[in-house]
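Working notes, structure below.
Remember, it's 1-based here, ligands and their atoms both numbered in the order they're listed. Values reported hereafter were calculated over all heavy atoms of this structure, with side chains retained and with hydrogens, waters and symmetry mates removed.
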Amino acid sequence: MIARLTSTIAAVAIAAGAWSFALSTPANAAGEEIEIPSHDWSFKGPFGTYDRGALQRGFQIYKNVCASCHALNYVAYRNLEHFGYNEDEVKAIAAEATVIDGPNDEGEMFERPGKPSDRFVAPFANDKAARAANGGAFPPDLSMIVKARPDGANYVRSLLLGYVDPPADFKMMEGMNYNAYFGGHQIAMAKPLYGDDVTYEDGTPTSIEQEAEDVVTFLAWASEPEMEERKRAGVMTLLFLLVFTGLLYATKRKIWADVH
Ligand code: HEC
């Protein structure tokens, strides 16, 4: 009886182990598991916040490097107030963009400078134009990329730093680039960061690691701008529950104090 029970428990444990292993192994085109290094992000953990300097620098990288291929359709210029820019600064940033608006009274579309309420202007008029300019590959909208990929922040950072020489026996397809962290290791995006891509407005020295960290902080914010409020609400709820538990306990002691 005991032996049967033990073997049943063992079988269940093995099945559960196999199941959790199957769940934890990421699917990958080459059937190989790619280990993604973890980075120490300012926004990690229950008290983490987005580093404001990194947000501003990351926006500078996005604007000067990534924006020529990648749209950011879910972010509006006025959202940049979150980074510590004032209203006039946001207006000036928005006005650098050219928005196609209309139709006007004559039925024509027309161009005008961007306003804070506009969403970020996309680099291509449509998906086909985006593909045509990128050898047939589609540069995805980056608004949600950090949420859309497992372990997104670490993944995108690794991807940006992952352009290395392919192993000697690796067969590259034409127009592709080797990347240590992309599934299958062949990516249509050429290495976008070199470490000297901008001069940071705040004077921070540039390096490829610094640029990758900053642009990923910016993209993490884009995919979850309300993260800080969410964490604050969580901490407040826990504090409230703690105080409430204390009050209940004190009440209970008082009520039962005379019962012996
Ligand atoms: C010259 C155009 C170009 C530039 C500049 C560029 N990208 Fe890309 N990017 C692409 C293309 C094309 C793809 C699609 C690659 C594919 O599917 O093989 C891509 C894909 C990606 C992906 C998705 C990878 C995945 O898992 O599917 C991320 C993330 C990304 N780019 C981030 C960036 C960031 C951040 C920058 C700026 C630092 C940037 N890109 C600059 C063209 C570009």
Closer than 4.0 Å to some heavy atom of [X] - which atoms of ligand 1 meet that?
X    : result
L193 : 38 (C)
R149 : 25 (C), 26 (O), 27 (O)
L159 : 24 (C), 28 (C), 29 (C)
S68  : 5 (C)
A188 : 15 (C), 16 (C), 18 (O)

Steps toward side-chain contact (heavy atoms from CB on, under 4.5 Å) verdict (K231, M227): CA-CA 6 Å; K231 285 184 181 170; M227 178 208 71; 3.5 Å; yes

Which segment of P192 sits under 4.0 Å of ligand 1 when only heavy atoms are counted: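 Within the 4.0 Å criterion, P192 contacts ligand 1 through side-chain atoms alone.
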
Considering non-hydrogen atoms of the protein only, which is the closest contact for [atom], and what is the distance?
atom                    : result
atom 23 (C) of ligand 1 : P140 CG, 3.9 Å
atom 38 (C) of ligand 1 : C66 SG, 2.6 Å
atom 3 (C) of ligand 1  : C69 SG, 2.6 Å
atom 17 (O) of ligand 1 : F182 CZ, 4.3 Å
atom 26 (O) of ligand 1 : Y155 OH, 2.5 Å
atom 19 (C) of ligand 1 : H70 CE1, 3.5 Å
atom 14 (C) of ligand 1 : F138 O, 3.4 Å
atom 15 (C) of ligand 1 : I187 CG1, 3.7 Å

Y50 and F43 aromatic ring geometry - parallel, tilted or perpendicular at 30°/60° bounds: tilted

Whether H82 and W221 hold their rings parallel, tilted or perpendicular, with breakpoints at 30° and 60°: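 Ring orientation of H82 relative to W221: tilted.
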
Spacing of Y163 atom OH and F182 atom CZ [to the nearest 0.5 Å]: 8.5 Å

Distance (rounded to the nearest 0.5 Å) between S42 OG and E213 CD: 7.5 Å

Could [X] and [Y] be called an ion pair, given the rule that one side-chain N must be under 4.0 Å from one carboxylate O?
X    : Y    : answer
D214 : R157 : no
E228 : R52  : yes
D127 : R131 : no

N/O separation below 3.5 Å, M176 to ligand 1: no

Check: D141/Y74 side-chain N/O donor and acceptor closer than 3.5 Å: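 Their side chains do not contain a donor-acceptor pair, so the 3.5 Å distance test is not met.
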
